[in-house]
Amino acid sequence: MQMRELGDSGLAVSAIGLGCMGLNYHRGPAPERHEMIALVRAAVERGVTFFDTAEVYGPFTNEELVGEALQPVRKDIVIATKFGHDLGPADARRSGGLDSRPEQIRQAAEGSLKRLRIETIDLFYQHRVDPNVPIEDVAGAVKDLIAEGKVRHFGLSEAGASTIRRAHAVQPVAVIQSEYSLWWRQPETEVLPACEELGIGFVPFSPLGRGFLTGKIDETTSFGGNDNRAGLPRFTPEARKANRPVVDLLAQIGAQKRATPAQIALAWLLAQKPWIVPIPGTTKLGRLDENIAAAAVALTPDDIRHIDAAVAQITITGDRYPQAEAARTQR
């Protein structure tokens with residue numbers, strides 16, 4: 001497995017990470033826990049060193065699963081988790097479920113450390129920007145945790161460029177995590193230039209468009225209970241049918257490169273910047289192997305220009321989130 005450095009932070013990880021959310025959350029009925037622990041350990045055996053979870057996944061149970069799976073190999077891997085949601089009683093929820101008050105950040109860190117069975121969180125993201133808490137206070141709280149040895153690096157998820165700059169001035173931001181793929185390229189406008197200027201690494205989540213870019217989802221696909229794609233505008237049957245040309249393009253390039261559509265989608269991301277590390281998720285060993293192999297797929301500058309020009313001719317149908325959820329991003 002190739003390794004990459006996430007910006008100037010000194011944080012070196014495998015070129016392909018593993019997004020762990022779907023192991024037991026938001027992707028339909030959860031597989032057997034022991035099977036997912038085996039999958040995580042298989043990823044380690046194959047050279048994956050970067051694993052992404054969050055306290056809100058479950059809530060809490062995803063961190064517990066990841067912690068159990070990775071405990072035997074702790075020294076060899078990097079674990080990222082996230083804070084920023086009020087996961088207490090419903091009648092105590094603030095700001096639509098967000099809570100990044102410094103005391104809540106500290107409480108979240110202590111809980112994550114325990115569930116993940118670790119002494120230090122390698123990368124601690126604010127999951128969504130809390131409009132009720134100044135980002136300077138958030139950065140200051142994480143700065144204190146870093147000074148205490150409970151956190152190594154600070155990250156932000158789905159933050160806007162201005163927020164990133166303000167946070168970075170208080171505590172250097174090591175990594176930004178946001179959705180980024182061939183069918184969601186908004187980070188290219190402001191966030192990626194800010195990352196490049198400030199020496200911040202970038203981690204695309206949903207790099208395969210929540211599975212759509214694999215080519216295995218079409219307008220006839222049904223989503224089971226606990227699969228949040230059923231409520232996303234981009235996953236209506238009409239949108240899936242309309243967006244099929246993106247997958248067809250990936251398949252066309254893949255045929256030339258002896259690669260799958262998913263591998264081309266990941267290789268395209270890897271070709272954008274050397275400090276970008278996608279974190280596709282999966283519950284299947286075959287998909288894990290397919291995703292990892294994408295790191296070996298070489299796209300030439302001509303390939304990239306061809307892909308970009310072809311995608312520019314395709315109108316993507318459907319928003320990625322419902323309006324209320326979209327309002328929580330790029331703050």
Side-chain angles (χ1 to χ4, degrees), residues 16 19 21-22 26-29 158 178-189 192 204-272 276 278-284 286-323 325-326 329:
I16 302 285
M21 182 192 78
H26 260 353
R27 283 296 180 267
E158 291 281 14
S178 290
E179 183 170 354
Y180 183 39
S181 70
L182 267 171
W183 77 336
W184 182 257
R185 298 179 65 171
Q186 186 187 58
E188 295 174 351
T189 305
L192 286 176
F205 72 80
S206 297
L208 298 177
R210 294 177 172 83
F212 184 77
L213 300 182
T214 66
K216 303 301 181 181
I217 294 174
D218 61 21
E219 64 270 25
T220 68
T221 303
S222 60
F223 301 107
N226 190 38
D227 192 323
N228 71 333
R229 290 175 292 188
L232 301 180
R234 195 163 284 194
F235 277 85
T236 64
E238 297 78 12
R240 282 179 265 154
K241 183 176 182 179
N243 292 326
R244 186 70 192 184
V246 180
V247 177
D248 293 341
L249 171 65
L250 293 172
Q252 173 194 346
I253 302 297
Q256 300 169 6
K257 298 288 183 178
R258 296 186 179 180
T260 67
Q263 289 171 336
I264 297 300
L266 292 172
W268 178 86
L269 279 171
L270 291 170
Q272 300 308 300
I276 287 179
I279 49 168
T282 186
T283 60
K284 297 177 174 62
R287 290 287 180 210
L288 175 68
D289 287 335
E290 178 183 353
N291 294 340
I292 290 172
V297 176
L299 296 179
T300 67
D302 283 344
D303 293 330
I304 298 298
R305 283 190 288 270
H306 172 64
I307 292 170
D308 289 347
V311 170
Q313 302 303 311
I314 300 171
T315 300
I316 304 297
T317 299
D319 293 331
R320 63 172 180 146
Y321 285 137
Q323 186 173 358
E325 194 169 350
T329 68

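Computation of the quantities below employed the complete heavy-atom set of this structure, encompassing side-chain atoms and omitting hydrogens, waters and symmetry-equivalent molecules. Note that this is a predicted model, so its numbers are computed, not measured.
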Straight-line distance of [X] [atom1] to [Y] [atom2], nearest 0.5 Å:
X: N291; Y: K284; atom1: CG; atom2: NZ; result: 12.0 Å
X: L266; Y: L208; atom1: CG; atom2: CG; result: 4.5 Å
X: H306; Y: L249; atom1: NE2; atom2: CG; result: 5.5 Å
X: T221; Y: F212; atom1: OG1; atom2: CZ; result: 9.0 Å

According to ring-ring contact (aromatic ring centres under 6.0 Å, His included), does anything in residues 233-259 pair up with another residue at least two apart or in another chain? List the pairs.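 Pairs touching residues 233-259 that pass the test: W183-F235, F223-F235.
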
Could you walk me through whether I217 and R229 pass side-chain contact (heavy atoms from CB on, under 4.5 Å), step by step? CA-CA 11 Å; I217 294 174; R229 290 175 292 188; 3.5 Å; yes

Salt bridge check: are R305 and D302 linked by an N-O gap of less than 4.0 Å?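 A salt bridge is present here (some side-chain N lies under 4.0 Å from a carboxylate O).
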
Run the side chain to side chain donor-acceptor pair (under 3.5 Å) test against [X] and tell me which residues pass, sequence neighbours left out.
X: D289; answer: R46
X: R240; answer: none
X: E188; answer: Y180, R185
X: E179; answer: R210, R320

Could you check Q272 against I304 for side-chain contact (heavy atoms from CB on, under 4.5 Å), going step by step and ending with a plain yes or no? CA-CA 9 Å; Q272 300 308 300; I304 298 298; 4.3 Å; yes

Can a donor-acceptor pair be found between the side chains of D218 and T220 at a distance below 3.5 Å?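 Yes - a donor-acceptor pair under 3.5 Å links their side chains.
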
Is Q256 atom CD crowded by more than 12 heavy atoms from other residues, nucleotides or ligands, each under 6.0 Å away?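 Enclosed.
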
Minimum heavy-atom distance between [X] and [Y], given as atom pair plus value:
X: R234; Y: A239; answer: O-CB, 3.4 Å
X: S181; Y: P207; answer: CB-O, 3.4 Å
X: V247; Y: G215; answer: CG1-CA, 3.4 Å
X: P237; Y: E219; answer: O-CB, 3.4 Å

Can you name the residues that form a side chain to side chain contact (heavy atoms under 4.5 Å, CB included) with [X], not counting sequence neighbours?
X: P233; result: D319, P322
X: N228; result: H26, R27
X: Q313; result: none
X: P261; result: L250, A251

Could you work out, with salt bridge (Lys or Arg N to Asp or Glu O under 4.0 Å) as the rule, every residue matching K241, not counting sequence neighbours?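 K241 satisfies salt bridge (Lys or Arg N to Asp or Glu O under 4.0 Å) with no residue once adjacent residues are dropped.
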
What pairs with R287 under salt bridge (Lys or Arg N to Asp or Glu O under 4.0 Å), at least two apart in sequence or on another chain?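 Salt bridge (Lys or Arg N to Asp or Glu O under 4.0 Å) list for R287, sorted by chain: E290.
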
What pairs of residues pass the salt bridge (charged side-chain N to carboxylate O under 4.0 Å, His left out) test when at least one of them lies in residues 244-258, not counting sequence neighbours?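 Passing the test, one end in residues 244-258: R244-D248, K257-D303.
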
For the pair L299 and I264, evaluate side-chain contact (heavy atoms from CB on, under 4.5 Å) and give the outcome as yes or no after the intermediate values. CA-CA 8 Å; L299 296 179; I264 297 300; 4.2 Å; yes

Do F205 and E158 have side-chain heavy atoms sitting under 4.5 Å apart?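 In short, these two side chains touch, coming nearer than 4.5 Å.
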
Pairwise side-chain contact, P278 with I16, heavy-atom cut-off 4.5 Å (strictly under):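 A side-chain contact under 4.5 Å exists here.
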
